[in-house]
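Shown next, in structure tokens, is the structure this report addresses.
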Amino acid sequence: MSSPQNFNPKAYWSATLKLLITTLVIWFIVSFGAGILFRDALDSFHIGGYPLGFWFAQQGSIFIFVGLIFWYAKRMDKIDREHDVHED
Amino acid sequence: MDLKTLTYVVVGLSFALYIGIAVMARAGSTKEFYIAGGGVHPIINGMATGADWMSAASFISMAGLIAFLGYGGSVYLMGWTGGYVLLAVLLAPYLRKFGKFTVPEFIGDRYYSQTARIVAVICLIFISFTYVAGQMRGVGIVFSRFLEVDITTGLIIGMGLVFFYAVIGGMKGITYTQVAQYIVLIFAYTIPAVFISLQISGNVFPQLGLGGHMGDMFFLDKLNKTVTDLGFSAYTTGNKTMIDVFCITLALMAGTAGLPHVIVRFFTVPKVHDARLSAGWALIFIAILYTTAPAVGAMARYNLHATVNSAVATGGDVFAPEASLQGEARPDWMKRWEKTGLIRWEDKNGDGRIQYYNEKSKNPEFLAKAEAAGWKGNELGSKGKDGKFEGKVDNDIMVLANPEIAHLPNWVIALIAAGGIAAALSTAAGLLLVISASISHDLLKGVFTKNISEKNELMAGRIAAAVAVAIAGYLGYNPPGFVAQVVAFAFGLACASLFPTIVMGIFSKSMNRGGAIAGMLTGLIFTLTYIVYFKRDVLLSMEKVPDSQWLFGISPEGIGVIGMILNFTVAYIVMKMTAPCPEHIQHLVENIRYPRGAGTAQSH
């Protein structure tokens, strides 16, 4: 398995890491941030019958995780193509 | 048709389906046995991962845990789903590119060390057997209650079935059986939830019903009022400290991403691109159950209180003597479940009525009122290990008895039985397969008898699976603690041992053999020791160590996080002191970082 021609591993890896960090920051904010650390403050707001922090902890974070993975997969595909390392 | 016959029919039909699929999808080669041939579509794989993932604990125990923990139950919801984000971005695509059969194989190759591979096998076996014990206990509970056979018979039937399709079908058989099991379990879970949501707040979606109205107030406000009136802490705030909630959530997330039976599912898809997508599909299928669970938990809790104290529903005085349920008039479901010991009534004040409240409330005003009403302690609980009354209703009853509590039709109850068994069996099969794969592929083929033929390796894999089923059955017969508690240990161990080692193997080119082995062992031993020390009352029947002695106030469920930090730290220090990682391994790490050339998974 040799690497493709004109492939710049450093540039590819730093683009990958940048996306990875963005994804993990969002992951952290919606779960540990909204659901745990700042829950008390958010609970003073409501959506429907849900206190907001409680909603993030029991429902919202999960919905966002799902969207986040598909968004990440799409962005990774784009990075793969730009660096010409995508699969056939 | 009566309930028992109906349950036999529904469960029997589901078994026939699994067996039929297993026969059609039996494995003929090691590649089919270990990774289902490597050509599974990401959506199919997502569904199989969902069933693999959602265990007896998710199905039977989780909503019950949430019901009694309230906000504190969020650790399971966020923890057991957030791990898929970690899997998608940190592990699955890279391990798929690496393209081997097992997790220890990756660790052994990446750290150029048979020792590292063996240590990884030890971690894997610890984690998987701890986890599988919980599944077998779940199978036993479901059989004994719904099919009214004793636990041993239930276990033998369950083991026989798993034996059949895991041993014959291997990963290929398991994958397609799991798809069927996912469909059974998700219907079994959501149908009663929809009915109950309709009853309570008139909303067909439990996810919305939980935040909906009940009469003229929001359901969650009504629930908060109900539980605080009875001396419990408010439902939406819960009773765990912030550091503990934080650590348990993180331990469950990293643990999820480090569980070998989950990781291995991503080896079965054709491409790296599919591994990323498949994590998303898996989470969609999981989220259907996980976003329903908080509604099931909260509504079951409310229904239980409303059953025992009529003032809950009318808004009257909960302390009024006639508000408490008369013992003789207790509903049939309670009498039926008393046989299992999961629920029990003890008339402490001799008034012939059931008082269910928090006798350990820290609110002096509440306690004074309870005393004035002649309450002499909480009277609803379960049968403890010593056969005596334990002042806590068992978590597991909340999902299993939920349809009966809410007066749902018999076919829904039969469906719950089939779903509980599907959840337990699918996870048990996935676990038994990674155990057998690591014994036949990592230990025999990889270390001890390197020139074993493919045919013999396949045979060894099947024998190992058979032995693992027998051990799992024994652990289910003689379980160390209750379902969800046992499962929590597996997460702590995976979080502290395998997860950091795999992540370092991908994201650090310089992490070397010595660092990885030392880190893994430190994480495993520290976490195991801490859990056994603080859970020795459950595990070894010794006197309980008070929770006040917890390190930084972190419970055994969350301690894997400290184990993980120790793993990273020790690995780094040892790496600095030992010979650097060889050049060809650094190239290997470079190579797994981009998708092109993944091809199909390779044997050696």
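Below, read A as the first sequence line, B as the second, and so on, with proteins coming before strands; counting in each chain starts at 1.
Two residues are said to be in side-chain contact when any heavy atoms from C-beta on lie closer than 4.5 Å; A/Asp80 and B/Val272 fail this criterion. Looking at heavy atoms from C-beta onward, B/Ile284 lies in side-chain contact with A/Phe70 at the 4.5 angstrom threshold. At a threshold of 4.5 Å between non-hydrogen side-chain atoms, the residues B/Leu86 and A/Leu24 count as touching. Side-chain contact between A/Thr16 and B/Arg593: absent, with no pair of heavy atoms (C-beta onward) separated by less than 4.5 Å. The closest side-chain heavy-atom distance from A/Pro9 to B/Glu590 is below 4.5 Å.
Here the closest non-hydrogen pair linking A/Leu37 and B/Met242 is O-CE, 3.6 Å. What you find for A/Tyr50 and B/Leu220 is that their closest heavy atoms are CD2-CD1, 3.8 Å. Here the closest heavy-atom approach between residue B/Ala287 and residue A/Val66 is recorded as CB-CG2, 4.2 Å. When all heavy atoms of A/Gln58 and B/Ser74 are compared, the pair lying nearest together is NE2-OG, 3.3 Å. Looking at every heavy atom in both residues, B/Val89 comes nearest to A/Leu20 through O-CD1, 3.6 Å.
With hydrogens and angles ignored, the 3.5 Å screen pairs no side-chain donor or acceptor of B/Arg276 with any backbone N or O of A/Ala73. With A/Gln59 contributing its side chain and B/Thr291 its backbone, the two residues share a donor-acceptor pair below 3.5 Å.
Contacts between A/Tyr12 and chain B at a heavy-atom distance below 4.5 Å involve the side chain alone, from C-beta outward. B/Phe285 does not touch chain A: none of its heavy atoms, backbone or side chain, sits under 4.5 Å away. Heavy atoms of A/Ser31 lying under 4.5 Å from chain B belong to its backbone as well as its side chain. Heavy atoms of B/Ser201 lying under 4.5 Å from chain A are absent altogether. The contact between B/Leu210 and chain A is made by backbone and side chain atoms together, counting heavy-atom distances below 4.5 Å. Interface remark: B/Leu250 contributes backbone and side-chain atoms alike to the contact with chain A (heavy atom separation under 4.5 Å). Contacts of A/Asp43 with chain B are made by side-chain atoms alone, with heavy-atom separations under 4.5 Å and no backbone atom involved.
Taking OG1 from B/Thr81 and CD1 from A/Ile64, the interatomic distance works out to 11.0 Å, rounded to the nearest 0.5 Å. Of the inter-residue distances, the one linking B/Thr236 atom OG1 with A/Phe54 atom CZ reads 6.0 Å to the nearest 0.5 angstrom.
The 12-atom threshold is exceeded at CH2 of A/Trp27, counting heavy atoms of other residues, nucleotides or ligands nearer than 6.0 Å. Within a 6.0 Å radius of CZ in A/Phe28, other residues, nucleotides and ligands contribute more than 12 heavy atoms. At most 12 heavy atoms of other shown residues, nucleotides or ligands fall within 6.0 angstrom of atom CZ in B/Phe205.
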Point to revise | Working for ring-ring contact (aromatic ring centres under 6.0 Å, His included), residues A/Trp13 and B/Tyr594 | key: CA-CA 8 Å; A/Trp13 193 238; B/Tyr594 57 86; 9.9 Å; no
Practice item. Output, in order, the C-alpha distance, side-chain angles, deciding distance and verdict of ring-ring contact (aromatic ring centres under 6.0 Å, His included) for B/Phe246 and A/Phe32. Key: CA-CA 7 Å; B/Phe246 192 97; A/Phe32 295 95; 4.7 Å; yes
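A cation-pi arrangement is present between A/Arg39 and B/Tyr71 under the rule of less than 6.0 angstrom and at most 45 degrees off the ring axis.
Options B/Val245, B/Val75, B/Leu283, B/Asp221 differ in how many heavy-atom pairs under 4.5 Å they form with chain A, and the most are formed by B/Leu283. Between chain A and the options B/Phe219, B/Tyr290, B/Tyr84, B/Trp281, the largest number of non-hydrogen pairs under 4.5 Å is found for B/Trp281. Most heavy-atom pairs under 4.5 Å with chain B: of the set A/Gly53, A/Ser61, A/Ala57, this distinction falls to A/Ala57. In terms of heavy-atom pairs under 4.5 angstrom with chain A, the leader among B/Met217, B/Met253, B/His213 is B/Met253.
Electrostatic pairing of B/Arg596 and A/Asp84 counts as a salt bridge here, judged by a charged N lying under 4.0 Å from a carboxylate O.
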